[in-house]
Protein chains: 2
Amino acid sequence: MSQAFAPLKRNRLSDQVLTQIQERIASGELRSGDKLPPERELAESFGVSRGAVREALRSLERTGLVSLQAGAHGGAFIGQGDPGLIGDSFRNLYQLGSVSLDALTEARLWLETTITRIACARATDKDLAALTANVDEAERLLLSKRYEDKIDVHIEFHNLLARATHNAVMVMLMGALMDVMRDFAHAAGGERHDLTIKARRRFLAKLSARDADAAVAEMTEHLESLHVRYRDRMKERPQR
Amino acid sequence: MSQAFAPLKRNRLSDQVLTQIQERIASGELRSGDKLPPERELAESFGVSRGAVREALRSLERTGLVSLQAGAHGGAFIGQGDPGLIGDSFRNLYQLGSVSLDALTEARLWLETTITRIACARATDKDLAALTANVDEAERLLLSKRYEDKIDVHIEFHNLLARATHNAVMVMLMGALMDVMRDFAHAAGGERHDLTIKARRRFLAKLSARDADAAVAEMTEHLESLHVRYRDRMKERPQR
DNA sequence: GGATATTTATTGGTCCGACCAATGGAGTCA
DNA sequence: TGACTCCATTGGTCGGACCAATAAATATCC
């Protein structure tokens with residue numbers, strides 16, 4: 001059958017510079033902490049203008065691949081990546097209408113169910129203490145005016161729970177979804193945080209008892225009611 | 001208590017331009033498909049040089065927020081985001097040593113378990129047909145020389161399974177993890193694909209019968225053996 | 001001598017003004 | 001009518017200048 005040819009676009013010099021540096025990172029030739037030559041040198045060895053090099057570096061910086069630093073011993077240093085970019089991606093996809101709120105909350109619920117099960121098996125005393133401390137903090141903030149703070153503490157609970165799986169990727173995935181959720185929460189505002197806190201204390205009891213099914217049931221119920229409430233709120237707002 | 005002040009760095013003009021455009025997208029003022037003013041105009045209204053504007057646009061382009069297009073009716077168009085960026089983020093995090101192979105495969109296994117359960121409940125005949133067709137294709141390719149092709153077909157199986165959840169976010173998450181897995185597979189090479197195909201046929205039978213527990217068992221066993229094999233292979237290679 | 005201020009070299013950040021390259025529409029000619 | 005040519009618009013590149021941050025080297029002062 002006839003192959004569908006790729007549209008091919010790669011004519012920009014700055015993209016070629018970008019690609020070449022990326023390849024050196026992928027191949028392991030450039031590693032975290034290494035320093036790239038100065039822009040002027042790069043420009044010369046690539047045979048392009050400094051502007052082209054800068055655009056490439058700007059792209060790399062945006063992806064967390066390099067971080068730029070001015071000054072005498074500055075330069076373009078290979079970074080360590082940025083887990084926050086995953087959340088940014090989702091945020092953008094949502095803002096641009098490529099994913100729906102429903103899909104996000106549904107996925108989050110499934111993810112959190114899994115996380116709860118794993119956390120039940122793996123959570124250390126330290127993890128449980130951190131979760132408890134978080135709920136305590138939330139309770140302290142009940143009377144606070146700044147509801148952004150309150151929301152952030154509640155969001156953090158989910159991230160702490162993910163951390164109890166002791167799996168870095170899971171922490172990142174959950175963190176990414178919660179980043180988007182934070183936007184909603186800030187926009188939607190005013191939850192019944194007192195009820196949430198009570199639910200979380202019950203949840204933590206189940207978790208401490210290593211009763212996975214009961215913990216999942218508690219979590220599911222809470223999240224689903226929250227989802228319904230968000231959905232109602234967002235309906236009243238202009239869709240973008 | 002004393003607040004820990006943020007380090008603050010935002011002095012670059014190009015970053016301020018970037019931020020302002022991003023905010024207009026976030027606020028919904030700029031939507032998918034809209035066109036930004038020409039670079040020269042932007043530069044004038046921001047009161048900065050064209051170079052600064054270009055660097056900002058380059059950043060936006062990298063994130064899939066805008067796509068640049070030369071020519072008479074060209075310009076910077078607001079895009080729709082790029083789901084592939086999530087996979088890129090993980091790839092970078094791995095390459096730069098911020099996440100381990102173990103964490104990735106473990107998370108993938110958990111994710112795939114969830115996906116299997118959901119797919120069992122939601123997969124349509126069309127989904128099942130697509131999965132079957134994929135395995136057929138894999139069988140046809142058994143004798144092929146190009147092992148990259150064979151691997152890609154095998155990878156695609158997991159993406160198709162994720163699609164059977166009918167949740168776009170889940171598809172993206174799985175797709176992201178599989179992107180990284182593809183790199184490994186290409187590097188590690190030569191699997192016993194004939195065995196994999198047999199396992200998948202058994203798996204599909206369980207899935208068609210809507211027997212979630214059995215399907216999960218089949219999937220888990222296969223993935224775990226795969227994981228062990230990868231790990232052994234990568235040990236022989238220089239770690240980066 | 002040692003602490004402090006100053007200079008200086010390096011490197012990213014910005015600007016300007018020019019020209020090239022792609023592209024689609026208007027105008028032209030057969 | 002239809003194919004061709006020109007041209008205005010807009011991104012892509014260039015180079016060469018200057019500013020700003022930074023740390024090391026140097027000079028200065030007690």
Side-chain angles (χ1 to χ4, degrees), chain A residues 5-22 24-25 30 32-79 82, chain B residues 5-22 24-25 30 32-79 82:
Chain A
F5 292 108
L8 83 89
K9 270 204 166 184
R10 274 303 162 80
N11 281 347
R12 282 191 291 197
L13 294 180
S14 52
D15 273 344
Q16 297 182 37
V17 172
L18 170 65
T19 305
Q20 283 204 33
I21 297 178
Q22 251 177 332
R24 294 223 183 176
I25 295 174
L30 288 173
S32 201
D34 288 354
K35 191 170 87 169
L36 261 52
E39 293 177 355
R40 291 159 173 93
E41 255 179 63
L42 282 175
E44 196 183 4
S45 47
F46 278 116
V48 300
S49 81
R50 210 184 136 200
V53 170
R54 278 189 63 78
E55 288 190 16
L57 290 177
R58 218 62 176 55
S59 262
L60 290 169
E61 189 195 31
R62 175 74 158 179
T63 334
L65 256 42
V66 310
S67 75
L68 307 181
Q69 197 175 333
H73 280 73
F77 296 88
I78 308 292
D82 178 2
Chain B
F5 291 108
L8 81 89
K9 269 207 164 185
R10 273 300 162 80
N11 281 349
R12 282 192 292 198
L13 294 180
S14 52
D15 273 344
Q16 297 181 36
V17 172
L18 170 64
T19 304
Q20 283 204 34
I21 297 179
Q22 251 177 332
R24 294 221 182 176
I25 295 174
L30 288 172
S32 201
D34 289 354
K35 191 170 89 168
L36 262 52
E39 293 176 355
R40 290 160 174 91
E41 256 179 62
L42 283 174
E44 195 183 3
S45 48
F46 278 116
V48 300
S49 80
R50 211 183 136 204
V53 171
R54 279 188 63 77
E55 288 189 16
L57 290 177
R58 217 64 175 55
S59 262
L60 291 169
E61 188 195 29
R62 175 73 159 183
T63 336
L65 256 43
V66 310
S67 75
L68 307 181
Q69 195 176 332
H73 281 81
F77 296 88
I78 309 292
D82 178 1

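The chains referred to below are lettered A, B, ... by the order of the sequence lines, with proteins before strands, and numbering in each begins at 1.
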### Task
Show your working on salt bridge (charged side-chain N to carboxylate O under 4.0 Å, His left out) between A:Arg58 and B:Asp15 and close with a plain yes or no.
CA-CA 10 Å; A:Arg58 218 62 176 55; B:Asp15 273 344; 2.8 Å; yes
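A:Arg50 pairs in a side chain to side chain donor-acceptor pair (under 3.5 Å) with only one of the listed residues (A:Glu39, A:Glu55, A:Glu44), which is A:Glu39.
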Going 5' to 3' through nucleotides 5-17 of chain C and flagging B where a protein heavy-atom sits under 4.0 Å of the base, S where only the sugar-phosphate is that close, and - otherwise, we get -----BBBBBB--
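Taking 4.5 Å as the limit, every side-chain heavy atom of B:Leu42 sits out of range of all side-chain heavy atoms of B:Val17. Residues A:Gln16 and A:Phe46 have side chains not in contact (no heavy-atom distance under 4.5 Å, counting atoms from C-beta outward).
One N or O on the side chain of A:Ser49 and one on the backbone of A:Gly51 form a donor-acceptor pair closer than 3.5 Å.
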